[in-house]
Structure formats: C-alpha cells, structure tokens
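Below, each value reflects all heavy atoms present in this structure, side chains not excepted, and no hydrogens, waters or symmetry copies.
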Amino acid sequence: MDGTSSNSMAQPMASMSGSQVSSFPVVSPGQEQVADQPPLVDSFSVADPLSVADSPQVADRDATTSHDKVVPRSGTVILKSTGSRKRKNKDDDDYEPTTKSRRTHQNSRRVGSTSRASTFSSATGSSSTSQTTELKSLPEPHGQPAVWSEKRASLCDALPYFKAHQGSVYMRDLYAYGMLIDGEVGIRDHFSSQLIITSIGGGRVKDASGKMVRTEDQDEKGKAYRALRNTIGRVIVMIGGANNRLFPVQPPHYYNVLGHWRIDAMWQEKTHDGITFWKIRLQYNNLSSRSWIAPRGASRIEAGEFEVGEYTCEEITCPTCNTSSKKMFEHGWTCLTKECPQFFQFEKAFEDGQTLDSLVYSQDFLRERTAYKEEAEEDEAPCPIVPPLPKYDDNSLGSEERFKQGIVCPECGCCNSRRQWDGWYCVNCNYALKMPIKAIPLEQINNENKTVKMSDQHHHDIVRIVYHIEGYEITIYLIPGEYEHSRTVEWETKEFIEKIANLNEKDKQEAEKKAKQNAKQKVKEKTDEEREMEKANNKHGYVGFVARLRPTSKGIYTRAGGLDDLYKDLQNADMGLERRAARNRDQKIEELTSHFSANFGAPYKFGVVVKDSVGFHSAPKAIMETWLRLTWGANLVVQKMQAFLEARKNELIPDGIIPKEFQPFNEELVLGYFEKSKISAHDDGEKELGPTVASLSLGSPSLMKFMPKKGKNIGEAYDMTYKSREPMLSIDLRHGDMLVMHGAQIQQLYNHSVDPKGIHRFALTCRRIIKETIPDAKQRELSEIDGKIPEEWDAVEYNGVLDRFQQKTTGEVVDLADVIPANNSS
C-alpha cells in the first residue's frame with residue numbers, strides 16, 4: 001500500500017492527538033515551511049511507477065484545520081493542528097511547549113476481532129502478517145464511492161485534486177491534495193474505514209523474484225515528503241486501488257475515491273537490515289459518519305471505528321535525547337528520533353525467528369482518534385469530492401485549457417476524459433454534456449499571431465535558403481545526416497573513467513553531471529569562427545529538407561474563399577475529431593493524446609491507431625481544398641530544391657538520398673488543438689509512408705522543433721546519449737503557413753514536436769501511403785478506394801502564385817462551391 005512518491009525521503013515527523021501535540025519526532029529546525037495553501041491550478045507528482053492501475057473513492061466534505069509550529073525540549077519542530085486558527089508563516093515566532101497524555105484504555109481487544117463471523121475478518125487490512133485474502137472473499141461495502149474510474153487517465157483528467165498520472169501523490173506548491181494507495185504494500189501498512197497507515201515511496205528496487213525491496217534510506221529532500229509534511233493536520237482526498245491487497249471490502253471499481261482524510265502523523269521506522277523509511281498515518285475526516293468502505297452490516301468494532309478519547313496511545317520521553325515518542329508497537333516502546341542512538345532500539349529481546357519486520361502496531365495506537373474542529377477557514381476548505389461541471393462564462397470560447405479537462409458524470413460518478421471535440425460522453429451510462437467550441441474570432445487569432453514572440457533557430461550544420469515568389473516567402477532548411485567520423489565525449493574517455501574510478505557512486509554521478517554541464521556551456525560559448533572550423537572538419541551529407549511557405553499577400557487570407565474562410569469552414573465542418581490512445585490502448589493505464597484527430601483518404605496509423613478513415617469521396621470541402629493547397633506547395637518546393645541540388649552537386653549530397661520527384665498525396669490527417677495541447681517528440685517514419693509530408697497551419701501560432709534521435713551522430717556530441725536532445729531546428733509556424741518535409745531519412749534520424757502557443761489551432765497534414773507495403777489485402781484495397789481522389793477534385797488544381805483554383809487542362813478559374821458533390825458539402 002505504498003502511498004507516496006518515488007522521490008527518496010527520510011527523517012522523523014509529527015502528529016496530532018486531540019488538542020494536544022503527540023510526540024512523534026518531527027522536522028528539524030531550519031527546514032522549509034510553506035505558508036498559505038494555494039488554489040489548485042496545476043500539478044507536480046512524484047512516486048513509484050505503478051505496475052498496475054488504481055482506483056478512487058469518496059468521503060464527506062469536512063472542514064480542515066491549520067497547523068502551527070511547536071518546539072519541544074529537544075528543539076525538534078512539530079507541526080501542530082490548532083483548530084480554526086490560520087497557519088503561521090515560516091518566520092512567525094509562535095512557540096509553545098508540548099503536552100502529552102498517558103491514559104490508556106482498559107479494553108485492548110484487537111480491531112477486527114475474529115470472534116465474530118468470518119465475514120468481517122478482513123474489515124481492517126494490515127500487512128503485519130502475510131495476508132493473502134483474495135478480493136472476491138471480502139465483504140460488500142457499506143456504500144458506494146461518489147467518484148470512481150476504471151482508467152487512470154480519466155481519473156486524472158476529471159479530478160482537480162489528483163493529476164499524478166504515474167505517481168501516488170499529487171501536489172501543488174509543496175502541498176498534497178490527493179493520494180493513491182495501490183500496488184506495493186509496505187511493512188505494517190493498514191487500511192480500514194477510519195484509519196490508513198501507508199509507506200512513503202522511494203528507495204526500492206525489484207529483487208530477483210520481482211518483489212520490490214528497500215535498498216537505501218529515505219531522506220527529506222523528496223518533494224512528496226515535504227508536501228506531505230506541510231499538509232499534516234489538513235484534509236486531502238484519498239483514492240484506493242483495487243490492486244491493494246489490504247482493501248477492507250470488495251472494491252466496486254478499479255479506482256475508488258475514498259473521501260476526505262487528514263494526514264495525522266509521519267514518522268520513521270527501520271527494516272531488519274537497517275534501512276530507514278517513512279510511514280504516514282491518515283484519519284478519516286468525518287468520524288461521525290460511516291465511511292462507504294466499512295463492511296456492510298459490520299459493528300463499529302469489526303469495522304475499526306472508534307471515537308475520540310476512547311483510546312489513547314501512551315507517550316514516553318526518551319532518556320537519551322529527551323524527545324517523546326508514542327508507544328505504538330505491541331513489542332514495546334522505542335525512540336522514533338532518527339538522530340538518537342536509541343532510534344528503533346527495543347529493550348525487550350525478539351524471540352527466535354523474529355526481526356524488526358515482525359513488529360505490529362499496538363491496539364491503542366490503531367484505535368486512537370484525533371479531534372479536529374469541523375469548521376475550516378475559507379482558505380483551507382478541502383477540494384469537493386465531486387468537482388463542478390464546466391460552464392461557459394462571458395469571455396470563454398470553449399477551447400480554453402479547462403474545457404479539455406475531464407468530468408465526473410453527475411448520474412453515475414464515473415470519471416470521463418474529454419474524448420470528443422464537441423463535448424463529454426459518459427463511458428458508463430448515457431449521460432452526455434455537449435459543449436461545442438464557439439466561433440473563434442479572427443481578430444483574436446490575428447492578434448495572437450502578431451504578438452507571440454517566436455523566431456526560427458537552426459544549427460550551424462544546417463543550410464538555410466530563401467526564395468520569394470508572388471504571394472509567398474519560401475524558407476528552406478537543408479537537413480544534415482550523420483557525421484562521417486565518430487565522436488567521443490569527455491565522460492566516455494579512458495582518462496575520465498580512470499580519474500573517477502576511486503570515487504563512490506554518488507560522486508561519480510556528480511562528476512559526470514558536471515562534465516556534461518561544462519560541455520553544454522562550451523557549445524553556447526563557441527565563436528562563429530570556431531563553428532565554421534568545426535563545420536569544415538566534421539564532414540556529413542544532407543538527407544533532405546524542411547521548407548516553410550508563408551503568404552506575404554494579405555489577400556491570400558482575406559479574400560472570399562481565402563485562408564480565413566478555410567479556417568471558418570473547418571470550425572463548422574463535422575470531421576469527427578476525437579482524442580485517441582497514445583499508449584497502453586484499452587488498458588487501465590491507457591493514456592490519451594493531447595490533441596484531437598480525424599483521418600481522411602487512405603487509412604493511416606499516426607503513432608496511435610486511427611480506427612476509421614473517411615474516404616476522400618466523402619470528405620468535407622475544407623479537407624479537399626487543403627489537399628489542393630498542400631499538393632501545390634509540396635510539388636513547388638520539391639522542384640525548386642531539385643534544381644538547387646543539381647546546380648551544386650557534390651559528395652555531400654549523394655545521389656538517391658533526396659528523392660527528385662513529388663509523389664501525389666492520398667491521405668490527410670486533421671489535428672485539432674485546444675489551449676496548451678501539443679504533440680511531443682515523434683517521427684513520421686512508418687514504412688507505409690512516402691518521402692514527402694506537407695502540413696497547413698490554421699489558427700493560433702506554434703513552434704515546431706527537430707531533434708536528432710538518441711545515439712545519432714548529429715549536432716552536438718554532449719547530448720548524443722540523451723533521449724531528449726537539443727533541437728537542431730526550430731520553425732515558427734503562423735496562421736496560413738505550409739510546412740513541407742522531404743526525404744525519408746529525416747524521419748529516421750530526427751524526431752519533431754509541435755507546441756501551439758494560443759487558444760485554438762488546426763493542423764492538416766498530407767502524406768503518401770504506399771499501398772504495396774500494406775501486408776493485409778483488405779487494407780490495401782481500402783487504401784486504394786478511400787485514397788482515390790474524386791474525378792471532380794482531380795480535375796482542379798491550386799495556383800499559389802495567382803492564389804486561385806483552376807481547371808488543370810484549361811487554366812479556367814474555378815469556384816470550389818461548384819465542385820462540391822451534394823453528399824459532402826459541409
């Protein structure tokens with residue numbers, strides 16, 4: 001039940017016991033404290049990668065409290081709950097002495113006693129013993145979660161308090177908002193309707209059997225540790241995963257929101273082999289109301305439900321370090337201050353075969369409950385379990401980032417990502433929330449394109465060529481291939497390896513990191529003369545080119561039937577845009593693309609599977625108009641570059657590397673972008689594709705980058721082994737720009753990414769699908785049929801110099817409205 005992040009952590013921590021401060025050793029003086037908790041905006045999450053999916057659940061919305069700092073006799077800082085008082089800033093001097101209670105309850109019966117029917121024997125799950133109860137044998141839950149999901153991406157999309165797609169703690173500005181418990185269950189983890197005790201992630205690796213084992217101490221540098229520490233005494237939302245073997249009832253769904261819980265305490269423990277690690281205790285926020293995860297029909301004792309003051313765990317002051325610690329283990333008391341020589345030392349000897357890993361928590365510790373005030377300050381109110389549905393305001397257009405977030409279905413509680421362009425459709429019931437994007441004002445698009453500051457940047461190995469024709473500026477970048485000779489970086493040389501041979505592993509990593517930083521800095525400091533000399537010495541060939549065609553005449557945009565009208569037509573067209581699986585398709589951990597897509601013409605697998613492709617014979621007018629424009633642009637630059645290369649033919653441009661002729665397109669992929677949507681680094685290198693790719697940008701501006709792939713001997717040597725490398729080329733794309741990539745080896749050697757910079761954008765990309773490379777006969781036939789250009793459109797061409805559509809045979813100007821068949825006039 002490993003409840004937090006993969007950043008390593010280690011140190012002692014604090015808790016609350018009613019209005020008193022209990023004596024868990026806590027954060028050392030001088031460590032950072034965070035003041036007011038900010039509103040939810042975005043996230044940072046770190047945690048052990050989850051090998052399986054997880055699940056969310058719901059609880060009542062109770063008040064939170066603030067916490068101040070208290071310094072006990074030892075000087076250790078303890079975070080203390082102070083009811084409705086506001087938090088103090090880290091510079092506030094508000095110290096007061098600690099108090100403690102030694103009351104213990106006379107009744108020490110075990111939680112989840114087996115004296116009752118075995119139906120409730122797993123009502124309080126604990127990993128102190130080798131519990132192997134299967135979920136199917138667990139009791140039914142008392143209720144149902146108000147929020148749930150079967151897929152993690154939908155969970156993270158829909159919930160503002162949990163956006164950790166790979167971690168288990170969601171945090172913002174070093175405060176925790178949501179936490180997932182699933183996957184690995186740590187020593188002494190506990191899971192019941194009022195109490196959760198879990199281990200903090202990090203410092204573990206898989207052993208030979210595949211089991212996650214701890215190999216190093218946890219420290220206090222991890223962000224998850226600091227966020228959880230800052231959130232002690234405050235409300236967060238807990239989510240339970242069906243894979244957690246301590247789940248006290250049968251989980252109704254894969255991810256189940258457990259409700260509002262308070263972080264009650266954090267402390268350090270030690271494994272039998274001396275590894276220290278963090279534990280965290282959370283208490284259900286509304287003790288006066290039964291949680292839905294209590295077993296149906298169970299008594300409160302069987303469900304592990306107790307009242308404040310009914311049990312109190314004794315606190316004892318350590319005679320060595322003078323700090324207090326709770327007597328939390330049945331085996332006896334131990335000091336929980338890591339710096340103390342008596343840390344995790346027990347006076348009582350262990351029996352044969354027992355180790356520190358055999359320890360179990362005492363019943364007083366498991367049954368003790370902390371008192372919190374039910375009313376919270378306004379700035380400390382917890383996130384609502386069910387977030388409100390999105391709605392327009394006077395200034396919204398519907399393509400803002402918040403409208404791409406998921407929703408919780410108001411009818412069944414299922415979390416839903418926004419998959420369709422026009423709104424949300426619940427995957428569990430028939431609920432639909434349609435919220436189409438309003439017409440984007442051209443004034444706003446024009447303003448974005450004028451004000452967003454971007455410019456082209458290219459490496460000195462790239463050749464830049466500029467042409468001007470009537471109505472267009474054409475900028476072409478000749479893209480280099482790999483260097484002819486190998487290159488070695490400093491940290492891979494024999495001298496460097498021998499130099500650091502006697503250092504410990506941490507210092508070796510630091511030395512290598514410093515060497516890489518120095519190499520990167522030297523690249524930035526190169527003079528033009530040094531770059532030219534390097535260019536002359538490092539021989540390489542050219543493998544293709546990237547060209548941008550930018551309109552220079554205002555009329556190309558504004559005339560009737562111009563680019564502005566094309567942008568409007570695309571907004572009105574029903575293209576079936578939707579987000580598709582980017583990774584782990586149809587699995588619990590499926591991740592969706594950031595953008596929306598639809599395919600026309602021959603079927604094409606764009607990194608992810610585009611299930612359906614609409615044949616060109618049924619494509620909207622805007623799709624076919626774009627095909628005409630991109631066919632003209634791509635053919636033009638291929639012809640111009642062929643003439644350029646023929647005139648300058650030499651050994652650096654080998655024959656056959658850059659194709660001489662343009663192959664007509666038979667496929668068109670449409671991508672739609674909301675605000676802050678993007679495409680991460682990828683290539684268009686599928687074997688089914690021809691050597692030319694052309695794209696038209698409409699709407700908000702974007703920045704396209706080309707990066708050498710890992711291990712390719714291109715660009716700077718210092719990042720050759722990096723997965724994410726520095727870009728060789730950055731191209732500024734504005735409304736109406738066309739981009740052409742020509743040369744198959746560009747896709748083999750480089751990745752490219754696109755980062756839009758505004759509110760709304762379309763990118764329409766044409767390719768040539770080589771049907772002979774498709775192994776399936778039916779798919780080949782479908783490619784032939786759907787990729788065929790209808791006769792009425794094949795008879796027309798776009799003339800960019802004159803900015804008009806015309807008959808191929810006569811040159812007569814054509815109104816595209818006269819070309820459109822009745823069945824695809826949208």
Side-chain angles (χ1 to χ4, degrees), residues 153 165-166 404 459 477 479 481-482 543-548 577-585 589-600 602-611 613 630 634 665 667-674 676-697 702-712 714-715 719-733 737-757 761-770 773:
H165 283 259
Q166 293 186 342
K404 205 187 80 173
H459 189 269
Y477 295 96
I479 305 300
E482 294 192 84
V543 296
F545 63 82
V546 176
R548 179 188 59 217
L577 290 168
E578 64 178 83
R579 294 169 68 194
R580 307 173 194 274
R583 294 183 297 274
N584 307 313
R585 182 182 179 84
I589 52 175
E590 174 186 81
E591 291 289 338
L592 301 178
T593 58
S594 176
H595 56 273
F596 298 75
S597 65
N599 200 74
F600 297 89
Y604 170 57
K605 187 177 80 67
F606 174 66
V608 299
V609 176
V610 180
K611 288 183 181 179
S613 185
L630 290 175
F665 300 130
E667 178 268 348
E668 185 172 333
L669 180 71
V670 183
L671 301 184
Y673 297 85
F674 278 43
K676 295 188 179 180
S677 294
K678 62 181 180 179
I679 291 185
S680 55
H682 68 284
D683 64 54
D684 291 353
E686 292 88 343
K687 62 181 177 60
E688 297 88 357
L689 297 184
T692 311
V693 179
S695 181
L696 173 64
S697 293
S702 65
L703 188 65
M704 188 172 187
K705 296 179 180 180
F706 291 80
M707 296 76 61
K709 293 183 179 180
K710 178 181 178 180
K712 300 301 181 183
I714 304 171
D719 68 350
M720 277 178 54
T721 58
Y722 295 7
K723 183 177 179 180
S724 299
R725 300 185 64 182
E726 293 293 325
M728 290 279 286
L729 173 65
S730 297
I731 296 184
D732 164 24
L733 295 176
D737 285 355
M738 291 187 229
L739 181 123
V740 178
M741 294 183 281
H742 186 65
Q745 286 201 23
I746 294 178
Q747 312 300 336
Q748 297 170 12
L749 299 176
Y750 294 83
N751 286 321
H752 57 272
S753 63
V754 181
D755 187 9
K757 302 295 183 180
R761 176 178 182 260
F762 288 118
L764 301 95
T765 303
C766 285
R767 303 171 178 82
R768 174 74 180 182
I769 306 297
I770 306 171
T773 63

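Shown are L739, D684, I746; of these, the side-chain contact (heavy atoms from CB on, under 4.5 Å) with V693 is made only by D684.
Separation of atoms CZ (R580) and NE2 (H595) is listed at 9.0 Å; rounding is to 0.5 Å. With rounding to the nearest 0.5 Å, the separation of OG1 in T773 from NZ in K687 is 5.0 Å. With values rounded to the nearest 0.5 angstrom, R548 atom CZ is found 12.0 Å from M704 atom CE. Taking CZ of F706 as the start and CD1 of I479 as the end, the distance is 6.5 Å to the nearest 0.5 Å. In this structure, the separation between OG on S697 and CE on M738 is 10.5 Å, given to the nearest 0.5 Å. Atom OG of S753 sits about 8.5 Å away from atom NE2 of H682, to the nearest 0.5 Å.
In this structure, F600 has no ring pair (Phe, Tyr, Trp, His ring centres under 6.0 Å) partners at least two apart in sequence or on a different chain. Checked against ring pair (Phe, Tyr, Trp, His ring centres under 6.0 Å), F674 has the following partners two or more places apart in sequence or in another chain: W421, F596. Take E590 and apply the salt bridge (charged side-chain N to carboxylate O under 4.0 Å, His left out) test, not counting sequence neighbours, and it matches K151, R419.
Residues I769 and F665 have side chains not in contact (no heavy-atom distance under 4.5 Å, counting atoms from C-beta outward). A heavy-atom distance below 4.5 Å is not found between the side chains of M707 and H752. Contact of the V754 side chain with the K705 side chain is not registered, since no non-hydrogen atoms from C-beta on lie closer than 4.5 Å. Side-chain contact between N599 and E668 is absent, with no heavy-atom pair separated by less than 4.5 Å. Side-chain contact between V670 and L577: present, with at least one pair of heavy atoms (C-beta onward) separated by less than 4.5 Å. Here the side chains of L703 and K757 are in contact, with some heavy-atom distance below 4.5 Å. Residues L729 and H459 are not in side-chain contact: their nearest non-hydrogen atoms beyond the backbone lie 4.5 Å or more apart. A heavy-atom distance below 4.5 Å is found between the side chains of S594 and S677.
When atom types are taken as modelled, the side chain of R725 and the backbone of K709 share a donor-acceptor pair closer than 3.5 angstrom.
Among all heavy-atom pairs drawn from T765 and S695, the shortest one is OG1-OG, 3.1 Å. Listed here is the closest heavy atom pair of A694 and A634: CB-CB, 4.2 Å. Shown here for C766 and L630, the closest heavy-atom pair between the two residues is SG-CD1, 3.7 Å. Here the closest heavy-atom approach between residue D719 and residue E726 is recorded as OD2-N, 2.9 Å. Between A681 and N751, the shortest heavy-atom distance links the atoms CB-CB, 4.0 Å.
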Report the C-alpha separation of V543 and L749 in whole Å, then their side-chain angles, then the decisive distance to 0.1 Å, and conclude whether the side chain to side chain contact (heavy atoms under 4.5 Å, CB included) test is met. CA-CA 9 Å; V543 296; L749 299 176; 4.2 Å; yes
From CA spacing to verdict: salt bridge (charged side-chain N to carboxylate O under 4.0 Å, His left out), D755, K678: CA-CA 5 Å; D755 187 9; K678 62 181 180 179; over 6 Å; no
Verdict with reasoning, Y722 to K710, per side chain to side chain contact (heavy atoms under 4.5 Å, CB included): CA-CA 6 Å; Y722 295 7; K710 178 181 178 180; over 6 Å; no
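Seen from the ring of Y673, R761 counts as a face-on cation partner, given the 6.0 Å and 45° thresholds.
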